[in-house]
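This report concerns only the one structure given below.
Computed from a predicted model, the values in this text were never measured in an experiment.
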Amino acid sequence: MFNIYYRFGVLMAEKNRSEWNSTFGFMMAMIGSAVGLGNIWRFPNVLYSNGGGSFMIPYIVALFLLGISFVMVEYALGYRFRASVSKILYSINNKLESIGWLILLIIFFILTYYVCVIGWDLIYFVLSFTKAWGADPNTFFASNVLQASGSIDGFLQFVPWVVISVLVVWGVILAITRNHLNSGIEKVSKILIPLLCVMVVVIVIFSLTLPGASIGYSQIFTPDWGALADFDVWLAAFGQIVFSLSLGMAIAITYASYLPKGSKLVDSALTVVVSNSTFEIFNSFGVFSILGFMALSSGVAFNELITDGTGLAFVVFPQVFNLMGFWSLIIGPLFFGCILFAGITSAIALVEPISAAITEKFGIKRKNAATYICIVGFVVSLLFTTQAGSFFLGIFDSFLNNFALLLTIVIECIIYGWIYNFDKLIETMNEYSTIKLGKTWKIVIKFALPLCILVFWLSGIKNTILQADFTSQMIMLVLGIILIIVPIIFTKLPAKNKEYYEVLDDI
Ligand code: PFF
């Protein structure tokens with residue numbers, strides 16, 4: 001039963017709240033938030049290193065257990081409360097607001113280095129028209145583009161072209177996010193996502209026709225069943241799902257809060273999740289085929305070519321384009337263009353939850369909130385534009401993704417599954433959906449998921465924190481302290497709009 005506070009709260013919250021123009025616009029924005037660097041460059045490496053075809057088993061388990069279940073929770077909360085994550089958590093229990101600001105701060109820091117990688121890609125997009133990386137793309141990337149010291153040395157030595165490209169990317173993000181929801185995020189996603197799909201289809205079809213392609217894509221069909229007994233393979237599958245679906249980042253909560261009444265939540269959540277996975281699996285056929293071509297043309301063994309994200313995009317692919325002749329002048333810009341579009345649509349999705357929360361609590365205009373976020377974001381990003389940039393980036397990435405974010409997902413499962421009345425989320429999800437959710441979902445969120453992530457998180461502590469060198473541990477400590485203090489400050493700051501403190505739901 002909804003009580004009077006709930007109705008009153010929702011009415012207040014709905015006042016002036018933006019809505020998507022169309023379900024299509026919402027779906028494109030959601031797919032845009034999920035499809036990003038993680039799909040294009042991270043997935044092929046994760047797939048290959050964890051058993052090839054047999055990786056699909058842990059991947060699908062993780063998709064159902066973690067991915068679909070958690071995205072549904074985020075959808076239900078956003079749709080039911082129609083508010084930002086900090087306000088939703090305040091409504092559930094007024095002591096929980098700071099968890100909301102913690103999530104927002106984590107995604108803010110993720111955004112600051114994510115933008116930097118998009119900036120590197122922008123540089124490569126420009127270079128790809130003339131293949132300006134020369135005959136040795138490996139040295140070119142490390143020494144010419146990044147001027148990377150590989151350590152904390154060169155901490156204050158800015159690399160000018162990286163600073164400029166990061167500034168340009170932040171400028172583009174600002175230009176999109178300061179607009180109204182419909183003329184900004186929705187419009188851009190509606191254009192970029194279909195375009196991205198066409199570009200990826202062109203690249204994959206072209207790749208499959210290359211000599212040696214089958215050396216690559218046959219790897220996807222060569223399962224290593226023994227890998228299934230390896231615990232790390234399962235961890236990798238869960239990690240990929242968290243990264244790829246942008247789980248726990250309050251994006252789905254925020255985007256679903258703009259859905260009009262009567263939306264088919266389960267149907268659209270499933271469509272988004274399936275599209276994201278289809279995209280990454282389909283795209284990896286292209287990546288593997290291109291690597292197969294490289295293996296045939298250069299004589300280097302396939303397994304020596306596959307590497308982590310940055311290595312793949314900025315070293316191996318330029319090497320491949322060097323061997324490809326004329327076609328590389330089309331496929332090269334298309335490839336870096338894809339990363340650019342996928343990255344931008346994910347980055348704008350990371351701004352929105354922060355912007356929505358600041359707007360809601362402090363009563364400032366959307367365009368001003370976006371401006372503050374982008375300016376402060378650019379200043380923090382400068383850290384990654386120095387000669388020690390890639391060193392910092394690695395530390396931020398592993399600390400935030402393997403430790404901080406996973407911790408907040410466990411906390412969120414406990415809050416939504418145990419403190420909040422989960423049956424209400426089931427009711428919300430099923431209200432207009434064709435496909436209905438049952439009690440299994442509740443069991444997953446209450447027990448299976450938090451336990452699974454907890455194990456994953458503990459191993460993250462071991463690999464990320466305990467095995468790191470002293471300098472990295474100190475940087476993580478500082479980051480950890482900031483992650484404790486700043487959310488407390490944001491919680492303590494009084495809300496400009498007193499409606500912020502209206503309780504939106506009965507527990
Ligand atoms: N899901 C997006 C991707 O796969 O790139 C966006 C994203 C993922 C943003 C992970 C940030 C992040 F830490």
Side-chain angles (χ1 to χ4, degrees), residues 17-40 63 66-85 88 103 107 110-111 114 173 176-177 180-197 200 240-280 282-283 341-356 425 428-429 432-435 437:
R17 201 163 176 81
S18 311
E19 268 189 11
W20 300 103
N21 268 339
S22 63
T23 312
F24 178 71
F26 163 70
M27 301 288 275
M28 290 302 108
M30 272 306 296
I31 294 174
S33 78
V35 170
L37 308 178
N39 303 61
I40 299 180
L63 188 67
L66 170 64
I68 297 184
S69 314
F70 202 79
V71 166
M72 300 266 194
V73 174
E74 296 203 57
Y75 262 55
L77 281 165
Y79 182 78
R80 186 174 177 96
F81 283 88
R82 308 188 157 263
S84 64
V85 65
I88 293 177
I103 297 170
I107 67 168
I110 288 180
L111 178 62
Y114 199 78
I173 294 172
I176 301 170
T177 52
H180 185 266
L181 181 76
N182 309 114
S183 51
I185 295 180
E186 183 168 2
K187 192 168 161 199
V188 169
S189 307
K190 268 163 54 179
I191 300 170
L192 292 193
I193 294 303
L195 210 58
L196 174 66
C197 292
V200 167
Q240 177 61 22
I241 294 295
V242 172
F243 195 98
S244 181
L245 282 171
S246 314
L247 289 189
M249 300 186 187
I251 296 173
I253 294 184
T254 314
Y255 278 9
S257 76
Y258 303 134
L259 274 172
K261 278 267 166 253
S263 302
K264 295 184 173 181
L265 297 183
V266 181
D267 310 38
S268 58
L270 284 175
T271 313
V272 168
V273 171
V274 169
S275 310
N276 179 62
S277 289
T278 310
F279 184 97
E280 59 190 13
F282 181 71
N283 170 69
F341 286 178
I344 297 271
T345 48
S346 293
I348 54 179
L350 290 169
V351 173
E352 188 58 26
I354 313 173
S355 160
L425 297 186
T428 305
M429 285 306 279
Y432 300 100
S433 302
T434 323
I435 309 159
L437 296 176

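In terms of heavy atoms, P194 sits closest to S189 at CD-O, 3.6 Å. Looking at every heavy atom in both residues, R17 comes nearest to S84 through NH2-N, 4.4 Å. For the pair L181 and S18, the tightest heavy-atom approach, listed with the atom from each and the gap, is CD2-CB, 3.9 Å. Considering all non-hydrogen atoms of both residues, A83 and I88 come closest at O-CD1, 3.5 Å. For the pair Q240 and G38, the tightest heavy-atom approach, listed with the atom from each and the gap, is NE2-O, 3.4 Å. Scanning all heavy atoms of the two residues, the minimum distance from Y114 to L37 falls at OH-N, 3.1 Å.
In this structure, T434 and V266 have side chains that are not in contact, with every pair of non-hydrogen atoms separated by 4.5 Å or more. Residues T428 and L265 are in side-chain contact: their nearest non-hydrogen atoms beyond the backbone lie under 4.5 Å apart. Between I241 and L247, some side-chain heavy-atom pair lies under the 4.5 Å cut-off.
Rounded to the nearest 0.5 Å, atoms CG (N21) and CG (N182) are 4.0 Å apart. For the atom pair CG of L425 and CZ of R80, the computed distance is 7.0 Å after rounding to the nearest 0.5 Å. One distance of note links OH of Y75 with OG of S257; it measures 12.0 Å at 0.5 Å rounding. Atoms CD1 and CD1, from I185 and I348 in turn, are 5.0 Å apart once rounded to the nearest 0.5 Å. Between I173 atom CD1 and L350 atom CG the span is 8.5 Å, to the nearest 0.5 Å. The structure places CD1 of I68 at 4.5 Å from CG of L63, a figure rounded to the nearest 0.5 Å.
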- Message: The test is side chain to side chain contact (heavy atoms under 4.5 Å, CB included); show your working for I193 and L196 and say whether it passes.
- Response: CA-CA 5 Å; I193 294 303; L196 174 66; 4.2 Å; yes

- E280 vs I40, side chain to side chain contact (heavy atoms under 4.5 Å, CB included): CA-CA, chis, key distance, verdict: CA-CA 6 Å; E280 59 190 13; I40 299 180; over 6 Å; no

- Query: How far apart are the C-alpha atoms of Y79 and Y255, what are their side-chain angles, what is the distance that settles it, and do they pass the side chain to side chain contact (heavy atoms under 4.5 Å, CB included) test?
  - Reply: CA-CA 9 Å; Y79 182 78; Y255 278 9; over 6 Å; no

- Take M72 and L437, measure what side chain to side chain contact (heavy atoms under 4.5 Å, CB included) needs, and give me the verdict at the end. CA-CA 10 Å; M72 300 266 194; L437 296 176; 3.9 Å; yes

Between side-chain atoms of residues 23-35 and protein atoms elsewhere (two or more places apart, or another chain), which donor-acceptor pairs fall under 3.5 Å?
residue : atom : partner : partner atom : Å
S33     : OG   : M30     : O            : 2.7

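By the ring pair (Phe, Tyr, Trp, His ring centres under 6.0 Å) test, F70 is found to be paired with no residue, residues two or more places apart in sequence or in another chain being considered. Applying the salt bridge (charged side-chain N to carboxylate O under 4.0 Å, His left out) rule to E74 yields no partners; only residues at least two apart in sequence or on another chain are considered. Take F341 and apply the ring pair (Phe, Tyr, Trp, His ring centres under 6.0 Å) test, not counting sequence neighbours, and it matches no residue. Among residues two or more places apart in sequence or in another chain, the side-chain hydrogen bond (donor to acceptor under 3.5 Å, both in side chains) test is passed with N283 by none.
Not one N or O on the side chain of N276 forms a donor-acceptor pair closer than 3.5 Å with the backbone of V273. No donor-acceptor pair closer than 3.5 Å links the side chain of S355 to the backbone N or O of V351. Of the possible donor and acceptor atoms, one in the side chain of R82 sits under 3.5 Å from a partner among the backbone N and O of L259. Counting only distance, with no hydrogens or angles, the side chain of T271 and the backbone of D267 share a donor-acceptor pair below 3.5 Å. When atom types are taken as modelled, the side chain of E186 and the backbone of S22 share a donor-acceptor pair closer than 3.5 angstrom.
Here the rule is side chain to side chain contact (heavy atoms under 4.5 Å, CB included) with P353, and of V85, I107, I253 only I107 fits it.
Annotation: salt bridge (Lys or Arg N to Asp or Glu O under 4.0 Å) contacts involving residues 342-354, sequence neighbours excluded, comprise E352-R366.
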